[in-house]
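Scroll down for the structure; my scribbles are underneath it.
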Amino acid sequence: MKRIYISDIKKNGKSFEGQNILLKGWLYNKRHKGKLYFLQLRDGTGIIQCVVFKGDVTDEVFDQADKVTQESSLEINGTLKEDTRSPIGYEISVNNLKILSHAENYPISPKDHGVAFLMDHRHLWLRSSRQHAILSVRNQLITAIRQYFNENDFTLIDAPIFTPAACEGTTTLFEVGYFDDKAYLTQSGQLYMEAAAKAFGKVYCFGPTFRAEKSKTRRHLTEFWMVEPEVAFNRLEENIDLAEDFLVYIVNYVLANCRKELEILERNLAPLENVQKPFPRLHYEEAVSKLNELGLSFQSGGDFGAEDETVLTQAYDRPIIVTHFPRKIKAFYMKQDENQPEYARCVDILAPEGYGEIIGGGEREDNYDVLIQSIKDHSLPEEAFKWYLDLRKYGTTHSAGFGLGIERCVAWICGLHHVRETIPFPRMLERLTP
RNA sequence: UCCCGUGUAGCUCAGUCGGUAGAGCAAGUGGCUGUUAACCACUGGGUCGCAAGUUCGAGUCUUGCCGCGGGAGCCA
C-alpha cells in the first residue's frame with residue numbers, strides 16, 4: 001500500500017475517499033471515550049483525526065490505541081471518510097495501527113508552559129502547530145525573496161562568514177581564532193556586495209549575520225539572517241523604489257501563500273493588506289518634527305530609540321521610509337549628500353505596529369578621497385579596507401543597496417511579540433542551546 | 001553593562017503574621033461509542049535555585065551567588 005501525506009488529503013481528499021490508505025507520523029494528541037479512541041496524527045504536513053472503534057479492529061490494535069503516547073511515532077492504516085466536524089473535512093477510520101517507537105513522558109503537554117521551558121525544549125517545541133506555522137511563514141518569505149530577485153535579474157553572490165575586520169566600527173564583533181591569526185564573524189555582506197555589483201550589476205547575498213551586542217530585547221538575536229541587495233549605478237531614490245517594490249512583493253506573496261498559517265497565529269491581516277505603494281517618505285528632519293508633534297521631546301541629531309520608532313510608525317497605516325539621517329550617526333561608507341553635507345544619503349524602512357526597523361540601507365560613498373577621510377574619522381584601520389578602496393579607483397560608480405532582517409520581518413508578518421520564535425534555533429545573549 | 005521582576009511537584013502557579021508542603025494540568029488505574037484544552041472517580045509524585053546568616057523554628061526575613069524573564073542602550 002502506498003503511503004500518503006496529510007497534505008495529499010488536504011489538496012485532493014476526494015480521490016482517496018472510501019479508500020484504504022497508509023499514513024506515518026507522530027501522535028499529536030489523544031482523547032478516549034469508552035470503546036473509541038480519537039488519535040490526532042501529525043505527519044509534518046498536517047494533522048488528521050484517526051478514529052479507532054473497538055468493534056472495527058482486533059483486540060491487539062485496540063490495545064495499541066490505548067498504549068500509544070503523545071509523540072510516539074506510528075503507522076496508521078485506515079479508510080478515509082468525509083466528516084464535517086473535521087477542520088480539514090476528513091478523518092480516518094482506523095483498520096490497523098502500529099507503534100514504531102514508544103515515546104515516554106513527552107515533556108511538552110498540550111497545556112500552559114513558560115517561554116524558558118519551551119526554549120529549553122526548542123528541539124521538541126518545533127513540533128507544535130504554532131511553531132510549525134511560524135517557520136512555514138519564514139520558509140515562504142525566503143522563497144518570495146529569492147523569487148523576487150530571480151525575476152528581476154539579480155545574481156546571488158554569497159558573502160564570506162569569516163571576515164578580517166569590522167564593516168562598521170561601532171558594533172561588537174564575535175572574534176574567532178583563525179590559525180595563528182584572528183578573524184571575525186561577518187556582521188554584513190555589504191562591502192563584498194559592492195565588489196560583486198561591479199562585476200554583475202545587480203546582486204544580492206543571503207546568509208547568517210553575527211552581532212556580539214549585549215542586547216537583551218525582543219528584537220535582537222546574536223545570529224540572524226539578512227538579505228542584502230546591491231545595484232551598481234543606483235542612486236538613493238532608485239534604491240528606495242527597489243526596497244519599496246521588494247517589500248510589497250514579499251508581503252503580498254506571504255499573504256497569498258500563508259493564509260492558514262496566519263490564521264493559526266491569529267494575525268490581523270488588515271495591516272498587512274495595507275502594505276501597498278507608495279509608502280510615506282520622510283526626511284530625517286521631517287520625522288523629528290513629526291515625533292515632537294506626537295508629543296515626544298526628540299532632539300535632532302540622534303538616532304531613533306525603540307519608543308521613537310514605535311510612536312512614529314503608529315501614526316501611519318503602512319511601513320514608512322525615513323531618509324537622510326545625520327552623517328555622524330551612520331556608517332563610514334554612507335554617501336554624503338551633495339546639497340546637505342551634514343546628512344547621509346541613507347534610508348531606513350520602519351515596519352508598522354511598532355515592529356521597528358526592518359530595512360536599513362543607502363547610497364555608498366563613491367569618492368575615493370571622501371571615503372578615506374571617513375575611514376579616518378571613524379578610527380578604522382585603513383589597511384583593512386585597501387581592497388574596498390580599490391573599487392573607487394577602478395571604475396567607481398554610484399552604488400546603493402539595503403539589508404533586510406529576516407527574523408524581524410517574520411515577527412512583523414506573523415504579529416509576534418519576540419523574534420526568538422522566528423528562527424528554528426535562536427542564538428541570544430543568554431542562550432546557546434539547544 | 002544598567003534598571004525592574006522572578007525561581008515551590010514533569011508543567012502552570014498559590015502558599016496570609018515565621019509554626020506539619022497545596023491546587024489545576026500531566027502521569028498511572030478504573031468507567032463511558034463522537035471527543036475537539038473531553039469528562040467522572042481514585043492513586044503516586046517535593047534537595048521550596050545554591051550558600052551562609054537571624055530564630056526554639058525559615059518556602060516565608062537578611063546577605064551573597066547563580067539561572068531565567070522583561071526593558072534600556074546599540075542595531076536588522
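All chains are named by letter (A, B, ...) in the order of the sequence lines, taking the proteins before the strands, and each is independently numbered beginning at 1.
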Carboxylate-amine/guanidinium contact [X] [Y], below 4.0 Å:
X      : Y      : value
A/R42  : A/E71  : yes
A/R431 : A/E223 : no
A/E17  : A/K14  : yes

> For A/D308 and A/T222, take the nucleotide of RNA chain B holding the closest heavy atom to each; which residue's nucleotide lies nearer the 5' end?
Replying inline: A/D308
> Between B/U36, B/G71, B/U12, which nucleotide has the shortest distance from any of its atoms to the side chain of A/K216?
Replying inline: B/G71
How would you label the contact of [X] with the nucleic acid (heavy atoms, under 4.0 Å): base, sugar-phosphate, or nothing?
X      : result
A/I108 : nothing
A/H121 : nothing
A/G305 : sugar-phosphate
A/E91  : base
A/R219 : base
A/K54  : nothing

> Is there a Watson-Crick or G-U wobble partner for B/U43 with both distances under 3.5 Å, and which nucleotide is it?
Replying inline: B/A27
On the side chain of [X], is there an atom forming a donor-acceptor pair with the base of [N] - under 3.5 Å, no angle test?
X      : N     : answer
A/E307 : B/G71 : no
A/Q49  : B/U36 : no
A/S109 : B/C25 : no
A/R431 : B/C68 : no
A/H220 : B/C75 : yes

> Is A/F38 stacked on the base of B/G34, meaning ring centres closer than 5.5 Å and planes within 30 degrees of each other?
Replying inline: no
>> Rounding to an integer number of Å, can you tell me how far A/Y106 OH sits from B/G28 C1'?
In response: 21 Å
> How long is the span from the CG atom in A/L312 to the CZ atom in A/F304, to the nearest 0.5 Å?
Replying inline: 6.0 Å
